[in-house]
Amino acid sequence: MLRASSLSVWLVFLMVFCGSLNAQINHRHFLMNGRISLSEERYVDAIRHFNTAINARPDLFEAYFLRGVAKFNLGDFQGAIEDYSTTLTIHPLYVRAYHYRGIAHDRVNNYYDATKDFEKALSIDPFDAGLHVANGATRMHLRDYAGAVRDYDMALLINPGLSYAYLNRGIAKRFLGMNEEALADFDKAVFHDYFDADTWIRRGMLKAEMGFGKAAMEDFDQAGTLDESNPLLYFQRALLHLQLGDTLAALNDFEKVNILDNRNALTYYNRALIHGLRNELKEAEVLYNEVISINPENVYAWFNRGIARYRLRDLNNAGQDFTEALRLFPDFAGAWINRSVVYADLGRQKESQADYDRAMHIIKQLNDPEADSEELFARYADSSYFARIIALESDFVSGEAKSGRVQFREVDIAPFGLFVLAIKRDNIIPATGKPGALPMSSGAEAIKLPEGYRLELHTRPLVYERPPDKERSFDSVARITPVSCAERITFAMYHQDRGNYRHALEVFGDMESCGEWASLFMLNKGYLLALLEEVHAVDDLLLVDVMVAPRQSSSMKPERDRIPDHSRALAEFRNLIRRQPRNAHAWYNSATIRLQMKQFHKAIEEYTEALRIEPNLAEAYFNRGLTLLYLGEETKACTDLSKAGESGIQEAYSVIRKYCVAKGQ
């Protein structure tokens, strides 16, 4: 009993002693050491020092704030948000905490939360140019380019020498189609930061797009004098050399990209294509080897290496390459055709005939069944056909008009977007597409919405659609901790519609217990995954980063030359199809994602399946018609477009007038 009493006394003594020791720690010393480590970019050491300062003084808002800065620079954005939030609990008017928390929210794709933080910061300090720039950057992530321009206007009114504000405003104007004004902003950015190579590169990119090849080359050359180790410079200059017809110069610049960045598969691929065009087949083969070693799922690398090897008369390896292409894409008619030719040359006639029959089966599904087989075979075996398919990506997927291709001028031929579930007011008409019935047997009644609201399906492009500014009916949703399925669904929908994509994805990914609703909301999860991939691919290339520390170096990075990778979104839709094989909207979304991934034939098959399940799905007729049109199947394309127009898709008639009436289809 005495020992237990003595132990209690010792425990009390230790607690008092430790508390006294904490009180005696010189927190200012650790705060200063943390600042020094932070300035020297030793972020882990900085966090250790700030931890000690916080243990000594838990009410020290500055230590929480600076620890948040260190965490941000280590990529721990959620940890940074928590520290900034603690800072604001202690010091509710600390502008920099709102500012930096907004940037961290932007980094985790919760864009609405970011804008609210910037609004609060600006209400305290409306004359901080950096705040306006940060808010503009988040608006650009939301594709609100007009709003971004207004933010950059204000930043430049406060600080007319802010070069990266001119740069970002120029990019926003470029997306608004204001190319001349964008170029003027790039000129000002160069004037105010003459020695920033990134600015010269971006201005060169815009000049190249506007057709000013010579002026663009001068900008790229100037960027090279400022930073000769920038892979993006050589990549963009190589593209310009190709545009100007100088393939040798293009090859030289592409080679420099790979010297600086030996994991850049796209550049190896471009080099291989050029060597192939120059009939330098061994060089092309070596470069395709590099592409495949980096990305073994690149079906076109296997296919094109097979062509190069066939031309080198390496028949066995050529056949193996076509086999691998078919493993990755079983409906690749061109690969079946080419392997058929290889087998014929090897004397394996039975296998050659089997591949020929398989190819013709695929081809005839997309063509008039009465068409001449040999003519179709010759056309699909023509390498220029596949070059044309690959070239369609930028025109078809983005819907942008490209110079030199008259068929894409004057008519917006972008396909309809993905089907998603959204909360809509009864008096609000969707911006795109038509509302659809919920594809489920029951459960819609379980979600209780305020009077005048409903859940509906409609198509959305891969851009953010800003909700009405006066829409406040669901603002209380943001403050709840969702528990029931109804609460989780409403919470996720609220954040999806306001651009808080991370919040929405977390809830959509945690709905397995919600029965049929869980499957339905896989449409939304797949949509958000695809949307974020598009946002990151564009912004990584163009937008100047907003950081929580002064800009010290180039914000352009070698790995940023990439095309969107929609494999995660596709997997989500394929999983939904496995769960609900008769969900027409799942088949439609899977097909639409395949368009983004250049899998045109597979997209047609999946649109066809969607229409077999739901014959009145007008958007599927429209998208399938466009795809067939791009593949040269005018007769079937025009039939689909007519059906789409008959079903209420007005855009179909613009395409029909240009491609069907003129050609007598």
- Task: Say whether T608 and R624, considering side chains only, have a donor N or O and an acceptor N or O under 3.5 Å apart.
- Result: yes

- Message: Salt bridge check, R574 against E606: does any charged N sit closer than 4.0 Å to a carboxylate O?
- Response: yes

- Task: Would you mind reporting whether N589 and Y527 have side-chain heavy atoms less than 4.5 Å apart?
- Result: no

- For L142 and R139, run side-chain contact (heavy atoms from CB on, under 4.5 Å): C-alpha distance rounded to whole Å, both residues' side-chain angles, the deciding distance at 0.1 Å, then the answer. CA-CA 5 Å; L142 292 170; R139 289 186 188 276; 5.6 Å; no

- Message: Check E605 with R594, please: is the shortest side-chain N to carboxylate O separation under 4.0 Å?
- Response: no

- Between N109 and Y111, is any side-chain donor less than 3.5 angstrom from a side-chain acceptor? yes

- Parallel, tilted or perpendicular: which describes the rings of Y145 and F175, with under 30° parallel and over 60° perpendicular? parallel

- For N295 and Y269, does a side-chain donor sit closer than 3.5 Å to a side-chain acceptor? no

- Any side-chain heavy atom of R143 sitting closer than 4.5 Å to one from M140? no

- Dump the intermediate steps for side-chain contact (heavy atoms from CB on, under 4.5 Å) on L273 and N304, then the final yes or no. CA-CA 8 Å; L273 288 176; N304 286 334; 3.7 Å; yes

- For N500 and Y112, does a side-chain donor sit closer than 3.5 Å to a side-chain acceptor? no

- Query: Can F332 and K602 be said to form a side-chain contact (heavy atoms from CB on, under 4.5 Å), step by step?
  - Reply: CA-CA 9 Å; F332 194 170; K602 196 68 176 175; over 6 Å; no

- Message: Can you see whether Y607 engages T592 through a side-chain donor-acceptor pair at a distance of less than 3.5 angstrom?
- Response: yes

- Message: Within the 4.5 Å heavy-atom criterion, are I103 and R107 side-chain neighbours or not?
- Response: yes

- Query: For R579, does the CZ atom sit with more than 12 other heavy atoms under 6.0 Å from it, leaving out its own atoms?
  - Reply: yes

- Side chain to side chain, N110 and H495, heavy atoms closer than 4.5 Å: no

- Message: Side chains of E609 and R582, heavy atoms from C-beta outward: is any pair under 4.5 Å?
- Response: no

